Structure formats: structure tokens, C-alpha cells
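First up is the structure itself, then whatever we jot down about it.
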There are 2 protein chains.
Amino acid sequence: MTEKKARGAQAGDGAERPALPATSWAVLGLLSFGEELSGYDLKKWSDWSLRFFYWSPSFSQIYGELKRLEKVGYVTSRMVAQETGNRDKRVYVITDEGLAAVRHWAREAPVEPPVLKHGVMLRLWLGHLLEADRMREVLGRHREYAETMRHRAEVDAAGARAEAAWAYPSLVLKWSERYYASERDLADAMLADLDELAAAEDAGAAGDAERKRP
Amino acid sequence: MTEKKARGAQAGDGAERPALPATSWAVLGLLSFGEELSGYDLKKWSDWSLRFFYWSPSFSQIYGELKRLEKVGYVTSRMVAQETGNRDKRVYVITDEGLAAVRHWAREAPVEPPVLKHGVMLRLWLGHLLEADRMREVLGRHREYAETMRHRAEVDAAGARAEAAWAYPSLVLKWSERYYASERDLADAMLADLDELAAAEDAGAAGDAERKRP
DNA sequence: CTAGACATATTCCTATTAGAAATAGTCTCC
DNA sequence: GGAGACTATTTCTAATAGGAATATGTCTAG
């Protein structure tokens, strides 16, 4: 009894809304704070705010989304000529419909599992293809990355804490800080596991080695 | 001085190797354990083994990859007629070239940051659009998911521990178990933060409320 | 004063990735 | 003997990633 295509699915609150992909909601979400922003602004904004927990959309995606969102009436745009040098730009604002739509999405969308693509773990999973030292090196680099991200989240969280308007972004930054701290600790734990594994292998191979090297 | 296109980049060990996307390496990695597998097998395999830390490729991707890998000579295939019912299938094995290529990838590829797309955090970041109760509900569901995954990883890790051949996959399962435990704890910590935030808001709004309600 | 680096602003192009659906054969259970 | 489930693969479409191209303007070093 599954609908053939749930495009333009209605919502339970009566309003007919087009089905949109995740990125659309991210862009609309950025605009839901009420500011008038250009595509370029949005890119920078998302790079700075979403990077800790959500992959940043590319320019092409953002500009594409904005066109789509305008077509369905969730945002409107106007051109602005810039006083201080710089090229003219098109700025976008969210409409009441758009605000209702993101709000509905934030409230009613099903809770979906996070997407994780952990290249480092994929490589370690293929441990039979690497030397132990190289594994440690890869893990060490990853640990560094996690600590860098943790530190950035910490700094940003400190900056956001003051403003009452950033209460929720602030909360998520705190989460991010802990997330990357955990990622770092997980790397450390795995380094310890690797040492243990190596020790066990050495113990097992000791007899072999003696037989090979006189 | 960046190369225009590094397709077919050479490696430092002399061998010319075509540049492949991540999924190719995942598929080739699955085959690097030496078994002869069909596309269908690979899909199930990856669903069971990579799901904890690496998004599983779809059927279409796997079959596509296999064709590409065969074209570049990293795998070879043959048809097998199945005795016990079932349709004939095409099974793939890794070649020496292919093994050298994954090994090279596992050893030399740059360490890249994991990709995380955390829809739940995106929604909480937009906390100004949700009621506090709904936020708690979403977070609670996510906590459940994390605990389920942790438990699955625990079970799989217990199963893999025995076999010496699974030493590295086993290590990564252990990591996964800890990762999901941490994800669960992070959800709990955030629930506590939400309570704290609500308490602070109530305290701040107490004066207002008195003025409003006689 | 000018070449080059840098920042804003947007578009174009292409490959990768995701995922649903179509197709097809065999098996089992009722 | 038909419904549903499992194996097995292909096809199609949309979403996503990301580099390159194209403008335009500022600022700085030589």
C-alpha cells in the first residue's frame, strides 16, 4: 500500500508541500534565522556553522537549491547593487510559507540515522594490507584531525555562548566539542588495542622467529 | 604547479594506476580477503561488515564498480551455474594487480576526514523551530538508534573475536562498539543540557509570566 | 602604475553516490 | 497453484560533490 511517488506529500496539517532533499532544508534552515543572504553568504555561513556535524553543500548545490526554493515559493530574492565596490548580488529571504515548511520538517520529519563514511576505519578494517606502523601513522593523523576539530568547536562554542539567539546552535557546538573529543579518545583507545595485538602476535611468533634467525 | 588532471596518477613505486573513487576501494577491499564473490554477495557482505562505519554502496554501484574494476584488470570474473536451484551468477576474484592496487591505496592514500551528515543535529541546530518536547523526542529516538547499533556491534565483535583472520575487522568492530556507546552518551548529555536550558529559560521568564497571568 | 594575489559572486560541467523499481528465476508454505 | 521470500542483476533518476570557468573589484608590493 505504499504510495507510488510521494512527491508533493501532504502533511497532516493540511498544507501540500513538495518533498525536498536534505540540502534544501539545510539551506532553508540557514535562512530561517531571518537574515537576507546571498548564495555566497550562505556558502560561507554553512562552512562555518554546519561543518562540525553536517557536510557543507557546494556552491553549485546552494545556488541550485535557492532557485528551486524560489520556484516553490519558500524564498524570494532581489538584486542589490553594492555601494562599496564589489559586484551586484542577489539576496534571498525566507517567506512565511518557507518558514512554515522548515518548521514542519524540523518537527515532523522521521528521525534518520546519521550518515558516516569513515575512510580511516575502512583502511584499518583492511589491516591485513598495511604494515602496523603505517596503521599507527594513519590513526595518529586522524587523532590530530579530531583534536583540531574539537578545539575549533570549543572556540566557536565559547563565542556563541554569550548570545541568547544562539542558544540551540550553541548546544550543538557543545555536542560537537564532545563528539570530536570522543573521536580523539577512540583513536587513542584503538592505538592501545593495536599495541596489544602486536604484543600478542610477537608472543605467538617468538618461536617462529627463533627458528628463522640463528 | 598543480597537475591539470591526475587521472592515471603514478604512485612512486613506478606502477601506473587509474584514480578510483572511494567505493571502488571498498569493493576491492572486500575482495582482498581472497574469496570469489558475486555482486549480490558483496552487497550483503558490505551491509553486514561496513555498515557500522562506512555507508553501504547500493547494488547498482557495486555492479558498476565490478565492471570498472574488471576493465582495469583488478578483478576477473566467470559465470557459475548453480546446482541447487537459483539463477546463474557471475563471480569475481581479485587479481594480483588488484591486490597490489588496494594495498597501495591502503598504505599511501592521504588521510581524509570522515564524512558525517548528522540530520538529528541539523534539526536541533534549528531548535528555534521546534518545541522542547519534540526535540527531546527526536534525541531520544536517536539515542535508541545508537544503543541498538552499539549492541549489534558488540554481538558481531564477540562473533569475530575468535577467528585470527578477523583480527583487524575485529578491532574496527570494537571501535564501532565504543563509537555508538559514545553517540548514545552524547545524546544523554545533550538531553541534560536541554533540561538545563529549559530551567534557565523558566527562571528568566518567571517574572514575565507573573505579569501576564494575574 | 601595474601585475599579482585575494575576496566576492555566480555558473557550468562532470563524476560520484543513493536508492527505488523493474526483471527474472527458484523455493517453500499453505 | 498462488503468495511471498530469497537470490541475482539491470535500469533509471535524482541527489551530491567538487573542480573549473568567469566576472568584478580591492589591495599591496615592486
Side-chain angles (χ1 to χ4, degrees), chain A residues 2-7 18-27 36-47 50-51 54-70 77-92 112-117 119, chain B residues 2-7 18-27 36-47 50-51 54-70 77-92 112-117 119:
Chain A
T2 46
E3 244 23 75
K4 275 230 101 170
K5 274 236 163 158
R7 320 235 105 213
L20 295 176
T23 316
S24 300
W25 299 119
V27 170
E36 199 174 39
L37 301 165
S38 68
Y40 191 82
D41 292 334
L42 280 162
K43 170 62 175 160
K44 284 205 309 176
W45 239 91
S46 68
D47 279 350
L50 306 182
R51 74 186 155 153
Y54 210 88
W55 198 244
S56 255
S58 62
F59 279 115
S60 44
Q61 258 180 296
I62 287 179
Y63 285 103
E65 288 307 340
L66 286 171
K67 271 168 197 155
R68 164 156 53 183
L69 290 171
E70 186 159 36
S77 71
R78 62 187 186 91
M79 289 298 298
V80 296
Q82 306 204 77
E83 346 63 60
T84 163
N86 277 341
R87 191 179 359 175
D88 291 357
K89 63 180 174 182
R90 180 171 293 276
V91 288
Y92 293 82
E112 264 153 34
V115 174
L116 178 67
K117 297 182 82 168
Chain B
T2 46
E3 243 24 75
K4 275 230 104 169
K5 275 236 164 158
R7 319 235 107 215
L20 296 175
T23 315
S24 299
W25 298 119
V27 170
E36 198 174 40
L37 300 165
S38 70
Y40 192 81
D41 292 334
L42 280 162
K43 169 63 174 161
K44 285 205 309 175
W45 238 92
S46 69
D47 279 350
L50 306 183
R51 73 185 156 155
Y54 210 88
W55 198 245
S56 255
S58 62
F59 279 114
S60 45
Q61 257 181 297
I62 287 178
Y63 286 103
E65 289 306 342
L66 286 171
K67 272 168 197 155
R68 164 155 52 182
L69 291 172
E70 186 159 35
S77 71
R78 62 187 187 92
M79 289 298 298
V80 295
Q82 305 205 77
E83 343 66 60
T84 162
N86 277 340
R87 197 197 327 196
D88 290 358
K89 63 180 175 181
R90 180 172 292 277
V91 289
Y92 293 82
E112 264 153 36
V115 174
L116 178 67
K117 296 183 82 167

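Bear in mind that the values here come from a model prediction, so they are computed numbers and not experimental data. Here is the naming used below: chain letters follow the sequence lines, and residue numbers restart at 1 for every chain. What you see below is based on every heavy atom in this structure, not just the backbone, and it leaves out hydrogens, waters and symmetry mates.
Close to dC6(D), at under 4.0 Å from its OP1 or OP2, lies no side-chain N or O of Lys44(B). Using a 4.0 Å cut-off, no side-chain N or O of Trp55(B) falls inside it from OP1 or OP2 of dT17(C). For dT17(C), one of the phosphate oxygens OP1 or OP2 lies less than 4.0 angstrom from a side-chain nitrogen or oxygen of Thr23(B).
Rounded to whole Å, the distance from CG on Leu66(A) to P on dA9(C) is 14 Å. Atoms CD (Glu112(A)) and C1' (dA15(D)) sit 14 Å apart, rounded to a whole Å. What separates CD of Glu65(B) from P of dA15(C) is a distance of 14 Å, to the nearest Å. Summarising the geometry, the separation between CZ on Arg51(A) and P on dG18(D) is reported as 16 Å, rounded to the nearest angstrom. In this structure, NZ of Lys117(A) is placed 8 Å from C1' of dT16(C), rounded to the nearest angstrom. dT7(D) atom C1' lies 19 Å from atom CH2 of Trp45(B), rounded to whole Å. At whole-Å resolution of the value, CG in Leu37(B) and P in dT7(D) are 14 Å apart. Taking atom CG of Leu69(B) as the reference point, atom P of dT16(C) lies 12 Å away to the nearest angstrom.
Residues Ser46(A) and Gln61(A) form no side-chain contact, since every pair of their non-hydrogen atoms from C-beta on lies 4.5 Å or further apart. Counting heavy atoms from C-beta on, the side chains of Leu66(A) and Arg90(A) never come closer than 4.5 Å.
Every side chain to side chain contact (heavy atoms under 4.5 Å, CB included) that Glu112(A) has, sequence neighbours left out, goes to Pro110(A). Under the side chain to side chain contact (heavy atoms under 4.5 Å, CB included) criterion, Tyr40(A) pairs with Ser38(A), Lys44(A), Phe59(A), Tyr63(A), not counting sequence neighbours.
Looking at Lys43(A), its side chain never comes within 3.5 Å of a backbone N or O of Ser60(A) through a donor-acceptor pair.
Side-chain contact, Glu65(B) with Thr23(B): no donor N or O sits under 3.5 Å from an acceptor N or O.
Here Ile62(B) contributes atom CD1 and Leu69(B) contributes atom CG; the two are 11.0 Å apart, rounded to the nearest 0.5 Å.
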Set out, line by line, the N/O atom pairs under 3.5 Å between protein and nucleotides 10-12 of chain C.
{"unit_1": "dT10(C)", "atom_1": "OP1", "unit_2": "Arg90(A)", "atom_2": "N", "d": "2.6"}
{"unit_1": "dT10(C)", "atom_1": "OP2", "unit_2": "Gly39(A)", "atom_2": "N", "d": "3.4"}
{"unit_1": "dT10(C)", "atom_1": "OP2", "unit_2": "Tyr63(A)", "atom_2": "OH", "d": "3.0"}
{"unit_1": "dT10(C)", "atom_1": "O5'", "unit_2": "Tyr63(A)", "atom_2": "OH", "d": "3.4"}
{"unit_1": "dT11(C)", "atom_1": "OP2", "unit_2": "Lys67(A)", "atom_2": "NZ", "d": "3.4"}

